[in-house]
Amino acid sequence: MGRVIIVDHPLAQDILTTLRDKRTGQIEFRKGLVRLGRLVGYEIIKSFETYNVEVETPLGVKARGIRIKDVDKVIIVQVLRAAMPMVEGLLKAFPAARIGVVSARRVENTHVPGSMEFQIDVGYYRIPEIHGDDTLIVVDPMLATGSTILSTLNIVYRHGKPKRTITVHVIGTRYAIDRVLAKYPDIDVYLVAVDPELNERGFIVPGLGDAGDRAYGEA
Ligand SMILES: O=P(O)(O)OC[C@H]1O[C@H](OP(=O)(O)OP(=O)(O)O)[C@H](O)[C@@H]1O
Ligand SMILES: O=c1cc[nH]c(=O)[nH]1
Ligand SMILES: [Mg+2]
């Protein structure tokens with residue numbers, strides 16, 4: 001059964017506050033996403049199995065330690081644009097991850113005001129082959145209606161079924177989380193916050209605005 005994990009580390013919540021603040025400019029905003037990616041990555045690692053090892057220190061003495069199991073069998077898929085800085089941070093926790101990209105865009109001009117769904121325009125994608133012992137991490141900072149992540153997962157799973165799937169978001173809505181888990185009940189959803197509402201235009205409220213525009217400039 002999938003789980004919903006809120007990363008409530010005070011540092012993550014402090015960074016989120018900076019991201020929400022409308023006065024935060026592009027450079028600081030992107031830096032915040034990188035830092036959150038790193039923190040969420042460390043949180044994800046807590047759920048990996050470990051095994052015991054012994055090493056010899058320079059003093060010629062044995063010391064007991066641990067290693068993280070299958071940390072090198074990780075595929076990270078980033079949804080362009082807004083996921084890029086978070087993935088840079090996640091790579092601190094998973095430096096050996098294979099990386100995939102999906103270029104997905106909500107088609108705003110066909111959106112019916114108040115509708116809880118968007119048409120998603122998926123352009124370029126490139127996904128590594130997924131094996132049965134891989135952990136798949138799909139990153140999209142904003143989980144608003146869930147339309148983008150569902151379109152992304154639909155494409156990603158054509159490249160194989162992983163042992164486990166994790167999605168990573170800064171902010172999600174309960175509506176989108178339920179929508180994702182209704183379709184894929186085994187997914188683990190990591191978020192820094194769950195916000196109460198979506199507005200008429202499908203923006204998360206209070207949210208942080210348009211994550212892609214704030215990180216890279218209006219497009
Ligand atoms: O859950 P949903 O309702 O599908 O919304 C979430 C998506 O919306 C934004 O993408 P956008 O289309 O603005 O692209 P961008 O990242 O390039 O700005 C955001 O980066 C997510 O990918
Ligand atoms: O609030 C939202 C919703 C979708 N995409 C964003 O970047 N922000
Ligand atoms: Mg955007």
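What's counted below: heavy atoms across the whole structure, side chains too, no hydrogens, waters or symmetry copies. The shown structure was predicted, so the numbers you read here are calculated from the model rather than taken from an experiment. Indexing begins at 1, ligand by ligand and atom by atom, following the structure's order.
- The salt bridge (charged side-chain N to carboxylate O under 4.0 Å, His left out) with Asp134 is formed by just one residue from the set Lys163, Arg98, Lys161, Arg164; it is Arg98.
- At a heavy-atom distance under 4.0 Å, atoms from both the backbone and the side chain of Ala211 approach ligand 2.
- Within the cation-pi definition used here (under 6.0 Å to the ring centroid, within 45° of the axis), Arg106 qualifies as a partner of Phe118.
- Checking side-chain atoms of His159 against main-chain N and O of Ile155 turns up a donor-acceptor pair under 3.5 Å.
- Set against the non-hydrogen atoms of Thr148, the atoms of ligand 1 under 4.0 Å away are 2 (P), 4 (O), 5 (O), 6 (C), 7 (C), 22 (O).
- Every atom of ligand 2 with a heavy atom of Ala144 under 4.0 Å away is listed here by number and element: 3 (C), 4 (C).
- In the vicinity of Arg81, heavy-atom distances shorter than 4.0 Å reach the ligand 1 atoms 15 (P), 16 (O), 17 (O), 18 (O).
- Between the side chain of Thr24 and the backbone N or O of Thr18, at least one donor-acceptor pair lies under 3.5 Å.
- Counting non-hydrogen atoms of other residues, nucleotides and ligands closer than 6.0 Å to CZ of Arg64 gives a total of 12 or fewer.
- Each of the following atoms of ligand 1 lies closer than 4.0 Å to a heavy atom of Asp140: 19 (C), 20 (O), 21 (C), 22 (O).
- Close approach of ligand 1 to Ser147 is summarised as follows: ligand atoms under 4.0 Å from at least one heavy atom of the residue are 1 (O), 4 (O).
- Taking a cut-off of under 4.0 Å to the non-hydrogen atoms of Met142, the atoms of ligand 2 that pass are 1 (O), 2 (C), 5 (N), 6 (C), 7 (O), 8 (N).
- Under 4.0 Å from ligand 1, heavy atoms of Thr145 appear from its side chain as well as its backbone.
- No side-chain heavy atom of Thr152 sits less than 4.5 Å from a side-chain heavy atom of Asp140.
- Both the backbone and the side chain of Ala82 come within contact range of ligand 1, each with a heavy atom under 4.0 Å.
- Distances between N or O atoms of Ala144 and those of ligand 1 include at least one value under 3.5 Å.
- Residue contacts with ligand 1: Glu108 is placed with no nitrogen or oxygen under 3.5 Å of a nitrogen or oxygen of the ligand (distance criterion only).
- Aromatic rings of Phe94 and Phe48 (six-membered ring for Trp) have centroids within the 6.0 Å cut-off, being under it.
- Judged by distance alone, with hydrogens and angles left aside, the side-chain atoms of His9 form no donor-acceptor pair with the main-chain N or O of Gln13 at under 3.5 Å.
- Using a 4.0 angstrom heavy-atom cutoff, Arg106 counts as in contact with ligand 2.
- On a distance-only criterion, Ile204 and ligand 2 share at least one N/O pair closer than 3.5 Å.
- Close approach of ligand 2 to Gly202 is summarised as follows: ligand atoms under 4.0 Å from at least one heavy atom of the residue are 3 (C).
- In summary, the atoms of ligand 1 found under 4.0 Å from a heavy atom of Arg105, numbered by their order in the structure, are 12 (O).
- When the shell of 6.0 Å around CD of Glu56 is examined, it contains more than 12 heavy atoms from other residues, nucleotides or ligands.
- When side chains are defined from C-beta on, Tyr51 does not count as touching Ile66, because their heavy atoms never get closer than 4.5 Å.
- Inclusion of Gly209 in the set of residues having an N or O under 3.5 Å from an N or O of ligand 2 is warranted.
- Within the listing of ligand 1, atoms 13 (O), 18 (O) sit less than 4.0 angstrom from a heavy atom of Asp210.
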Salt bridge (charged side-chain N to carboxylate O under 4.0 Å, His left out) assessment of Asp213 paired with Arg81 = CA-CA 9 Å; Asp213 284 358; Arg81 288 173 294 169; 2.9 Å; yes
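- For ligand 1, one of its N or O atoms has an N or O atom of Gly146 under 3.5 Å away.
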